[in-house]
Amino acid sequence: MTTLSSEKLIAIATRDPGAMGGVGFVEAALRQLGRDSGQVAHQQRTGLTELRDLLAALPDRPKPALSPLDRNVSAKPAPFTASDVLWLQRLPAADAVSDTEYVELAKLEAQAGRGSGDARLIGSIIAPVRARLQAAKSAAELASLKAVPVTPVPASLVQAVADTVVAELPALAHAEAAGLAAVRLRAALDARDAALALRVAEAETRAAAA
């Protein structure tokens, strides 16, 4: 017989519903089950099919666009040229600086020596631009995390986990094995929800500080 282990089944059941490729992840497990007609395999197939359909109705969590803050910028230390200073003087206000202009600012920041007049000049210009970009990045991260609701595990999949643990632990009484399955599933769900809540709280903190 081809069935999934309770460990794998619980991992699938408690996966972040907003994670990319969730439907494909479940479909791969269904293919692994194949056409096994055993009772446990049938319950697993029923539960996974219901989970797949549930996930298919949800959007993937949107991935925030790459922020210019994420660009790796480096430059050899060198004094600013007259053209560098002229370019800085012609920049628009901080709220109108483009992403491309920010990257150029970051290059000049890397180029300026620490404690130099150039460093003080570029620091005064780039700081408000960076703060605006950080606020936008934090807001996008928070919106992404909140975009997909945490859905309950289908009852048929809960039953599949219980049936699987019962089959794996024949030495235990049925009620004892089923109880163990419920405890393991609840612990995995709590860990998933706590991890997501922590990510949301951290994103909220960054957004508030920006």
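Leu48 is listed as a side-chain neighbour of Leu9, based on a closest heavy-atom distance under 4.5 Å. In this structure the side chain of Arg186 reaches within 4.5 angstrom of the side chain of Asp190, judged on heavy atoms. Looking at Ile122 and Leu88, their side chains come closer than 4.5 Å, going by heavy atoms from C-beta outward.
Lys146 and Glu141 are not joined by a salt bridge, as no carboxylate oxygen comes within less than 4.0 angstrom of a charged side-chain nitrogen. Residues Glu50 and Arg45 are not paired through a salt bridge, judged by the lack of any N-O separation under 4.0 Å between the basic side chain and the carboxylate. Salt-bridge formation is detected for the pair Glu104/Lys107: a Lys NZ or Arg NE/NH1/NH2 atom is positioned less than 4.0 Å from an Asp or Glu carboxylate oxygen.
A donor-acceptor contact closer than 3.5 angstrom is absent between the side chains of Ser98 and Thr100. The closest side-chain donor-acceptor pair between Ser67 and Asp70, if any, does not fall under 3.5 angstrom. At a cut-off of 3.5 Å, with distance as the only test, a side-chain donor of Arg130 or Tyr102 sits close to an acceptor on the other residue. Checked by atom type, the side-chain pair Gln32/Thr2 shows no donor-acceptor distance below 3.5 Å.
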Could you give me the CA-CA distance, side-chain angles and deciding distance for Glu168 and Ser5, then say whether side-chain hydrogen bond (donor to acceptor under 3.5 Å, both in side chains) is met?
CA-CA 8 Å; Glu168 289 175 344; Ser5 68; 5.0 Å; no

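Applying the side-chain hydrogen bond (donor to acceptor under 3.5 Å, both in side chains) definition to pairs two or more places apart or across chains, those involving residues 14-28 are Asp16-Arg61.
Of the possible polar contacts, one joining the Asp84 side chain to the Thr81 backbone as a donor-acceptor pair under 3.5 Å is found.
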